[in-house]
2 protein chains.
Amino acid sequence: MGTPFEDMAEIDRLVHEPSRLAITSALSSCESADFLFLQRITGLSKGNLSSHLSKLEKGGIVAISKNASGPPRTTIRLTPAGREVVAEHWERLTRLRDAARDWTASQE
Amino acid sequence: MGTPFEDMAEIDRLVHEPSRLAITSALSSCESADFLFLQRITGLSKGNLSSHLSKLEKGGIVAISKNASGPPRTTIRLTPAGREVVAEHWERLTRLRDAARDWTASQE
DNA sequence: TCCCTAAGGTTTGTGTTGCAAACCAGACTT
DNA sequence: AAGTCTGGTTTGCAACACAAACCTTAGGGA
């Protein structure tokens, strides 16, 4: 029920935001990645990356682990739930795009 | 140059926002649509729809025309430039998703 | 003619974001 | 001791999304 257009209202803005879309996409192709690696491939500043990761963590999308002793080093991975949310998000986008392509019905 | 992840930084937030993604998608499948029609299929409130349309208009994505006399009636269509921006946006998203799928290189 | 209502928008107010820039702090190196 | 690398937090601000209040024109009834 509801057009794919209405469906967009339910989109998950947590994942949809461009920087976070980049982060989750990068993570979805690997088991885990560390902070500096994510920073390099996304081009984000560390402050920015840090706050995006905090939001993703709070939302249960990623898990963050730091090694307590030794040099600071942070490892990030998608949680199983996060992996699902990300997949669902892409499916929603795909549905919308396909609907836009195929949809020529009752306009008035 | 630059990974598709970095590429996301250049995403057009004007189009990327969920409601506007729905609006532009709906418009891309038809020549033009009127205000009430867009409101029905997107499920947006009129106030909200109005402000989204204003932003899209200011950004050159859509053209808005109103019939001066008679009952109020507003017609919206994608501009040629807007059609291009929207297409480019979807291509960028597709590139990102495909990259996430295919990309298993050098994760140190 | 004068209200009344409804359609179709626009404006305003408010809380939330995203971002840059500044600051902080532990561990190694020299 | 000084410097650098790592991984952050905090602060300040401008832009945004949304809801709710407001405005305007058209037509209907008395």
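Sequence lines set the chain letters: A, B, ... in the order given, protein chains first and strands last, and positions in each chain run from 1.
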Discussion item. Using a strict heavy-atom distance below 4.0 Å, which residues from residues 51-62 of chain A are in contact with DNA chain D?
Written reply: none

Please state how far atom [atom1] in [X] lies from atom [atom2] in [N], giving the value in whole angstrom units.
| X | N | atom1 | atom2 | result |
| --- | --- | --- | --- | --- |
| B:Gln39 | D:dA19 | CD | P | 12 Å |
| B:Leu44 | D:dC18 | CG | P | 7 Å |
| B:Ile23 | D:dA17 | CD1 | P | 10 Å |
| B:Arg40 | C:dG8 | CZ | C1' | 13 Å |
| A:Arg73 | D:dG8 | CZ | P | 12 Å |
| A:Leu21 | C:dG18 | CG | P | 13 Å |

Item to complete: Name all pairs fulfilling the ring-ring contact (aromatic ring centres under 6.0 Å, His included) condition that reach into residues 56-86 of chain A, sequence neighbours left out, sorted by first residue then second.
Response: none

Worksheet, complete the sentence: So the ring-ring contact (aromatic ring centres under 6.0 Å, His included) pairs with at least one residue in residues 61-90 of chain A (sequence neighbours excluded) are A:His16-A:His89

Item to complete: Counting heavy atoms from C-beta on, name the nucleotide in D:dG7, D:dA19, C:dC28 closest to the side chain of B:Ser45.
Response: D:dA19

With sequence neighbours left out, write down each residue that passes side-chain hydrogen bond (donor to acceptor under 3.5 Å, both in side chains) with [X], or none if nothing qualifies.
| X | result |
| --- | --- |
| B:Glu84 | none |
| B:Ser65 | none |
| B:Gln39 | none |
| A:Thr79 | none |

Fill in: Residues touching DNA chain C, which here means a heavy atom under 4.0 Å, drawn from residues 9-20 of chain B
B:Arg13

Discussion item. Heavy-atom nearest nucleotide on DNA chain C for A:Asn48 versus B:Gly47: which residue maps closer to 5'?
Written reply: B:Gly47

Worksheet item: What pairs of residues pass the salt bridge (Lys or Arg N to Asp or Glu O under 4.0 Å) test when at least one of them lies in residues 51-67 of chain A, not counting sequence neighbours?
Response: none

For nucleotides 5-7 of chain C, which of its nitrogen or oxygen atoms have a protein nitrogen or oxygen under 3.5 Å away, and what is each distance?
none

Worksheet item: So, A:Arg13 and A:Glu17, do they make that salt bridge, N to O below 4.0 Å?
Response: no

Worksheet entry | A:Lys66 side-chain N/O to D:dG8 phosphate OP1/OP2 under 4.0 Å | yes

Discussion item. OP1 or OP2 of C:dT10 versus the side-chain N and O atoms of B:Ser50: is any pair under 4.0 Å?
Written reply: yes

Practice prompt. For B:Thr94, enumerate each residue passing the side chain to side chain contact (heavy atoms under 4.5 Å, CB included) test, keeping only those at least two apart in sequence or located in another chain.
Written response: A:Arg97, B:Arg97, B:Asp98

Fill in: Residues in salt bridge (charged side-chain N to carboxylate O under 4.0 Å, His left out) contact with B:Arg83, at least two apart in sequence or another chain
none

Discussion item. Any non-hydrogen side-chain atom of A:Leu14 less than 4.5 Å from a side-chain atom of A:Arg20?
Written reply: yes

